[in-house]
Amino acid sequence: MLLVLGRRVSLSFVKRVIPQDPVLLSKPILQNFRTIQFRVIHSSTVFAIATRQNTDTMPERRPFVRLPTDVYPVNYGLCLKPDLIDFTFEGKLEAIVEVNLATNQIVMNCADIDIITASFVPEGGEGEEINATGFNYQNEDEKVTLSFPSALQKGSGTLKIDFVGELNDKMKGFYRSKYATPAGEIRYAAVTQFEATDARRAFPCWDEPAIKATFDISLIVPKDRVALSNMNVIDRKPHPEDDSLLEVKFATTPIMSTYLVAFVIGEYDFVEGQSSDGVTVRVYTPTGKAEQGKFALEVAVKTLPFYNDYFNVPYPLPKIDLIAIADFAAGAMENWGLVTYRETALLIDPKNSCSSSRQWVALVVGHELAHQWFGNLVTMEWWTHLWLNEGFASWIEYLCVDHCFPDYDIWTQFVSADYTRALDLDALDNSHPIEVNVGHPSEVDEIFDAISYSKGASVIRMLHNYIGDEDFRKGMHSYLLKFQHKNAATEDLWDCLEQASGKPIALVMSSWTKQMGFPIIVVDQEQQGDDRILKISQKKFCASGPHNGEDCPNWMVPISICTGEDPGCTKLKVLLDSPETTITINNVSPDQWVKINPGTVGFYRIQYSSAMLESLLPGIRDLTLLPVDRLGLQNDLFSLSRAGMISTVEVLKLMEAFVNEPNYTVWSDLSCNLGVLSSLLSHTDFHEEIQEFIRDLFTPIGLKLGWECKQGEGEPPGAGGHLDALLRGLVLGKLGKAGHKPTLEEARRRFKDHVEGKQILSADLRSPVYLTVLKHGDSATLETMLKLHKQADMQEEKNRIERVLGAISAPDLIQKVLTFALSEDVRPQDTVSVIGGVAGSSKHGRKAAWKFVKDNWEELHNRYQGGFLISRLIKLSVDGFAIDKMAAEVKSFFESHHAPAAERTVQQCCENILLNAAWLKRDADDIHQYLLKRKAPPV
């Protein structure tokens, strides 16, 4: 699944989804069938906590037992009939099951479903049909026990269940998604989102990833609707009782896990293609928007053969559909053969989509299609190994996009979007190891986070670099062959990679996946004749400073070293498996610099001696260091300053050395860190001075890029054009927000022409222009933006506007934006980014957003209950505070307003607030003096 995680990206021009499914509660169905009382299933979720330093505030883990294995499914025959008017559905299940041990009960997963009848028929007609005499729902555990009057004997049989359920509005299970027809009529589609544990809301099942079976699915639907499932349609016939309905039957699936089953009933157009290896690919779009599916189709048709070749295992289904769903909590979901997406993660309008949207769509398509092998063909044995699924897909999506779009420089972007983001989160005391023991379903959601995705992807990138591509592919191939149609654990992959490479993979990797955090590598050097002697040591890096405790953990750290002679080439590789070591590099003249971690691949921070750092700095100005290393050096120092290990003034001096920087991703990371600093200093009375610093730093590159895109920019395949378009949007937005007068005037002029229809803004300029005019705008500006939002036909444009509305400055207008966030005009999954935009834009916005969240907590919590969106909302609302007492206020609010799925997020936010406050106390005066001094005329 791809979540929409807030990536570390400046000005949110690049949208990145982290997959995650929101866990929400459905309303009960309001009927009583026969005499069976319907029971409301409430899951009062409590989170699992991974090992960490401060577990004292965490609730007890709730007891959890996996399903018994005495009866297991072989095939599910499932027929569903959704009612798109009353939002209910009827279901019939005929499952072929195997009874391992004679038993008079069957335990299955079931939530928000009312079972009407259940019976068991032994195979071969030997015995009578046995009717179940009782259904005992264990609501908290989302289970039902079917009791039979006599023991079901060992052997095969058919379990028959008739049931009803509700098409809920919580974006999980079998749910309804609201859309408007081209004529403007409001209608609903019936769609699914089952990962992690919501197939049980659509039909009673054994809803655990290791209990695989085949599926024969039929859907009874209105005849003017499209009906899709994992497999191809094999039969369509009129419903015998109602000729306005069709019964659509799908081919038998391969053996698969329940969380990957999917069905969609709605109105869609499609575009179709075929991959070079003969798989039919379709992209389904809202009616009338088929053209917007062409870009994703082109990516998918290139991607399938790429993965076929990379894994050396063919895609096992005859077709794959990619479909855009209007109301969708995650970014996308990899259901086998029927991948569901948010509209913004799939649809591209050739005229109205910006470059970052194209890139985002390419990455999400790459991510979900990788899962068709890694996750669907071979599935994790239990949710503890979820990280392997998601970390792997989050890494290989970049490999795939690099193959399809080499001009995106996507691996440099990985470092800013995933690697540094994971380092920031993992430095907290409230982080967690990559591998988390998960029990109760309510605990699963908590691990759909940046550790599973971004740290997971980063350590796999480090592993790939350590092994080498050839052995890595060999190991992957044997892993997929050995475990296809089965389940595997993390150790199984390590075994296959170890056999392929001959390296101690399990030993190295367990230090990265089983303990939280990462090391800081401390480096010093001395010259001895023609040799350079490096003294290297490791200790745990903490956001509050280096770990100085007794029991300091160690990592097995693959370390690469390069020199100024050839910055792109690794001169030496070592495996640091002890707290410290000494390394000799031969033939390095005294005037050459030495750099650790070329390519910024190893998952650690580096602290150089001051002499080593001094020797590296010219490589930033003259660009002899690679872009990814210029970025890494700056990001490490920024992180060290936040941890109090160096002064923030040192980082500001370093930032001024980037004046000649041409690379988009380097600027993006720089911009992001300056945004953090600007937010921190909004708590002081010299916020304007940091704006001036930002204007000075970004003006030269702004002048160089100008407003007009050059030939070939923004249109594939113009080399460099894509990145120039991203950079222009970033720089103009940064200058406009910081109040750079010429940028502001030009933005206002272009906005006026755009609104009047004289000269429509190019898609890449819309975010920076909207942001700039709103930041310095009044109520008329806000009214105009809300009007543009209402008129926008594309979800991408609506989202673009929603993300910048919070930039407005006047307190009464901020209130208006917050009220708008909860209105019918904003899709439920997008409310979070509107509130987050307010919180991130100013000191006043931050206070107003937090108050709004508190005042509307019941509605917000009910909307996103249990899902990752609630965590995202909390993080965006409170992470920017920098006063100790705010941490206490946030903690106290969530002690009386429980949000179990966001337990860890709340702790991380409180920790961040305290870190911000300490940083401000420590460095504010020095920063102020430096900013004043740099503008003072020379004496």
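Positions are given from 1 along the sequence.
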Original post:
Thr303 versus Tyr307: any side-chain heavy-atom pair under 4.5 Å?
Top reply: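 Answer yes - side chains close enough.
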Original post:
How about Val557 and Phe518: do any of their side-chain heavy atoms sit closer than 4.5 Å?
Top reply: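 Heavy-atom side-chain distance check fails, nothing below 4.5 Å.
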Subject >> Heavy-atom pair with the smallest gap, counting every atom of Ser394 and Phe414 >> reply: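 Distance-wise, the nearest heavy atoms are O-CE1, 4.2 Å.
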Original post:
So Glu397 and Arg461, salt bridge (charged side-chain N to carboxylate O under 4.0 Å, His left out) or not? Walk me through it.
Top reply: CA-CA 12 Å; Glu397 68 186 66; Arg461 174 171 169 258; over 6 Å; no
So, [X] and [Y], do they make that salt bridge, N to O below 4.0 Å?
X	Y	answer
Glu208	Arg66	yes
Lys482	Asp495	no
Arg421	Asp418	no
Lys486	Glu381	no

**OP:** Could you please spell out the steps behind the side chain to side chain contact (heavy atoms under 4.5 Å, CB included) verdict for Val574 and Thr581?
**Re:** CA-CA 10 Å; Val574 292; Thr581 190; 5.9 Å; no
Mind telling me whether [Y] and [X] have parallel, tilted or perpendicular rings, with 30° and 60° as the class edges?
X	Y	result
Trp512	Trp555	tilted
Phe603	Tyr419	perpendicular
His403	Phe306	parallel

Between [X] and [Y], a side-chain donor and acceptor under 3.5 Å:
X	Y	answer
Asn335	Thr340	yes
His367	Glu390	yes
Thr600	Asp629	yes
Glu911	Asn430	yes
Asp469	Tyr310	yes
Thr197	Asp207	no

Original post:
Would His432 and Asp449 count as a side chain to side chain contact (heavy atoms under 4.5 Å, CB included) if you check the C-alpha gap in whole Å, the side-chain angles of each, and the deciding distance to 0.1 Å?
Top reply: CA-CA 10 Å; His432 64 85; Asp449 68 356; 2.6 Å; yes
**OP:** Please identify each residue that fulfils side-chain contact (heavy atoms from CB on, under 4.5 Å) with Asn912, with sequence neighbours left out.
**Re:**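 With sequence neighbours excluded, Asn912 shows a side-chain contact (heavy atoms from CB on, under 4.5 Å) to Leu428, Arg642, Lys875, Asp879, Leu915, given in chain and number order.
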